Amino acid sequence: MLKKLAMGIDIGGTNTAFGLVDEDGNIIAEGKISTEKFKYYEDYQPYINTLAQAMKVVIASQPECELIGIGVGAPNACIHTGEIETPANLWKFENPADPRPDSIRVFKFVEDLSTHFEGIKVMITNDANAAAIGEMVFGNARGMKDFAMITLGTGLGSGIVCNGEMVYGSDGFAGEYGHIAVDSRETGRQCGCGRKGCLEAYVSATGIKRTAFELMATMTCESELRAIPYEKFEAKMLSDAAAKNDPIALEAFERTGKVLGLALADLTAITSPEAIILFGGLANAGNYIVEPTYRHMEQNQLSVFKGKVKLLMSGIQDKNVAILGGAALIWKQYLESVIENY
């Protein structure tokens with residue numbers, strides 16, 4: 001009997017990673033291609049062709065296996081339409097003065113990739129949603145029907161699961177929790193989305209870096225962080241400094257945890273999750289970010305929610321969550337269909 005595998009794909013601004021994943025979340029074979037090489041609008045179709053050929057090489061390396069589907073996690077991807085809509089760092093117009101509006105950059109990704117894999121189901125969703133489904137199928141959210149996944153990387157992404165189903169909304173773009181307002185839209189920090197005061201501008205690897213430099217400008221204490229130029233500063237340096245009781249680093253985590261904790265208390269009031277799961281580079285700081293976040297979340301919970309919501313680290317943090325998330329899209333649907341037809 002052929003071993004069943006799902007293909008998971010993660011489309012990043014620099015590289016596209018893909019791999020074959022079994023039912024237990026083991027990556028059996030994987031590969032990657034450059035996304036950056038195909039940076040312009042006119043490069044999109046050559047990108048699809050190159051990706052499909054590279055995938056076929058990986059699939060061919062497992063002749064004793066059956067491919068049950070292809071799941072994709074990508075920025076600005078819509079599960080309802082199978083399209084990627086105006087991705088910030090992908091397939092831009094080569095001429096910045098191009099008169100066409102930026103909004104016309106809509107790519108029929110599922111349809112275009114499917115032409116290379118006849119008879120194979122292809123699904124796509126937002127990368128943060130894919131991470132949440134990966135957590136539900138392979139990680140610490142197994143068995144949970146109500147939880148939220150918060151991804152803390154360069155930005156802040158989120159995936160919200162209610163009653164066992166991902167919340168997609170009417171257009172497939174629900175769950176942009178990184179862009180709720182936590183400060184005034186007039187005077188808050190500028191966010192990469194173009195607005196001001198977004199949660200992402202304060203709680204992310206980029207946001208905590210900005211907090212650290214603001215603290216260095218207002219606090220007079222000694223800190224090893226003062227010797228690091230802004231362009232060379234990385235969020236991990238804060239964890240290393242915090243481990244040495246650096247006052248700037250500790251205060252940066254405290255302030256970041258406070259903003260995140262307040263936001264998660266609001267999220268709890270809306271969704272009443274069993275758990276909130278943290279994932280990503282900033283989450284690697286462990287208790288330095290988890291402890292203040294949980295403390296401020298609990299202090300600001302409605303009384304009915306106090307002590308009920310767990311704050312957990314991802315169970316797939318050390319694995320290739322991007323590939324697992326895409327594959328989990330397929331495995332979730334496949335396993336549900338097996339149960340339905342049993």
Side-chain angles (χ1 to χ4, degrees), residues 4-13 15-21 30-60 66-94 98 100-134 159 165-166 168-176 322-334 336-337:
K4 291 178 169 55
L5 298 175
M7 175 72 80
I9 303 175
D10 170 59
I11 303 176
N15 292 304
T16 296
F18 50 90
L20 293 168
V21 180
E30 58 188 306
K32 70 177 179 180
I33 67 166
S34 170
T35 314
E36 198 171 29
K37 179 181 175 184
F38 302 91
K39 65 175 68 174
Y40 297 120
Y41 185 81
E42 293 75 14
D43 297 326
Y44 169 70
Q45 195 56 55
Y47 165 83
I48 289 288
N49 297 339
T50 301
L51 174 60
Q53 291 308 309
M55 290 167 58
K56 287 178 179 179
V57 170
V58 171
I59 293 168
E66 175 190 354
L67 183 65
I68 62 170
I70 300 168
V72 187
N76 289 26
C78 178
I79 195 167
H80 296 327
T81 64
E83 297 172 344
I84 299 175
E85 183 177 323
T86 320
N89 299 307
L90 303 174
W91 311 306
K92 294 185 175 183
F93 293 130
E94 186 169 3
D98 195 303
R100 292 173 292 183
D102 197 44
S103 60
I104 71 165
R105 289 193 301 118
V106 176
F107 304 93
K108 298 181 181 297
F109 193 90
V110 167
E111 180 181 318
D112 296 334
L113 189 63
S114 294
T115 61
H116 294 272
F117 296 94
E118 188 174 350
I120 301 296
K121 185 173 188 63
V122 181
M123 300 177 68
I124 193 169
T125 191
N126 173 275
D127 40 12
N129 287 343
I133 295 171
E165 296 294 332
M166 180 65 63
Y168 288 113
S170 62
D171 61 357
F173 293 110
E176 289 290 349
I323 290 176
L324 290 182
L329 264 178
I330 298 298
W331 273 117
K332 181 177 183 294
Q333 187 172 92
Y334 177 82
E336 286 173 351
S337 68

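Because the structure is predicted, anything quoted here is derived from the model rather than measured.
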Quiz item: Angle class for the Tyr41/Phe107 ring planes (parallel below 30°, perpendicular above 60°, tilted otherwise)?
Solution: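 If you compare the ring of Tyr41 with that of Phe107, the planes turn out tilted.
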Mind listing the closest non-hydrogen atom pair of [X] and [Y] along with its distance?
{"X": "Val58", "Y": "Gly31", "result": "CG2-N, 4.2 Å"}
{"X": "Leu113", "Y": "Ala52", "result": "CD1-CB, 4.3 Å"}
{"X": "Gly172", "Y": "Cys78", "result": "CA-SG, 3.9 Å"}
{"X": "Ala132", "Y": "Gly159", "result": "CB-CA, 4.0 Å"}

Exercise. Using side chain to side chain contact (heavy atoms under 4.5 Å, CB included) as the criterion, list what pairs up with Ile323, not counting sequence neighbours.
Key: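 So Ile323 forms a side chain to side chain contact (heavy atoms under 4.5 Å, CB included) with Ala17, Val21, Ile27, Glu30, Asn320.
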Self-check item: Pairing residues for Asp127 by the side chain to side chain contact (heavy atoms under 4.5 Å, CB included) criterion, not counting sequence neighbours
Solution: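 By the side chain to side chain contact (heavy atoms under 4.5 Å, CB included) rule, Asp127 matches Pro75.
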How long is the gap from [atom1] on [X] to [atom2] on [Y], to the nearest 0.5 Å?
{"X": "Met123", "Y": "Ile70", "atom1": "CE", "atom2": "CD1", "result": "12.5 Å"}
{"X": "Asn129", "Y": "Ile124", "atom1": "CG", "atom2": "CD1", "result": "11.5 Å"}
{"X": "Leu20", "Y": "Ile59", "atom1": "CG", "atom2": "CD1", "result": "6.0 Å"}

Exercise. Please list all pairs passing the salt bridge (Lys or Arg N to Asp or Glu O under 4.0 Å) test where one or both residues lie in residues 108-121, with sequence neighbours left out.
Key: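 Residue pairs with at least one partner in residues 108-121: Glu83-Lys108.
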Quiz item: Does the His80 side chain pair with the main chain of Gly169, one donor and one acceptor, at a distance under 3.5 Å?
Solution: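 Between the backbone of Gly169 and the side chain of His80 there is a qualifying donor-acceptor contact (under 3.5 Å).
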Quiz item: Hey, is the main chain of Asp43 close enough, under 3.5 Å, to the side chain of Trp91 for a donor-acceptor pair?
Solution: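 A pair under 3.5 Å: no.
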Quiz item: Among Ile133, Thr125, Asn126, Ile79, which one satisfies side chain to side chain contact (heavy atoms under 4.5 Å, CB included) with Met166?
Solution: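 Answer after filtering Ile133, Thr125, Asn126, Ile79: Ile133.
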State, with a plain yes or no, whether a side-chain heavy atom of [X] is found less than 4.5 Å away from one of [Y].
{"X": "Tyr334", "Y": "Lys4", "result": "yes"}
{"X": "Gln53", "Y": "Asn49", "result": "no"}
{"X": "Leu90", "Y": "Tyr44", "result": "no"}
{"X": "Trp331", "Y": "Ile68", "result": "yes"}

Quiz prompt | Candidate pair Ile11 and Tyr47, rule side chain to side chain contact (heavy atoms under 4.5 Å, CB included), full reasoning | solution = CA-CA 11 Å; Ile11 303 176; Tyr47 165 83; 3.7 Å; yes
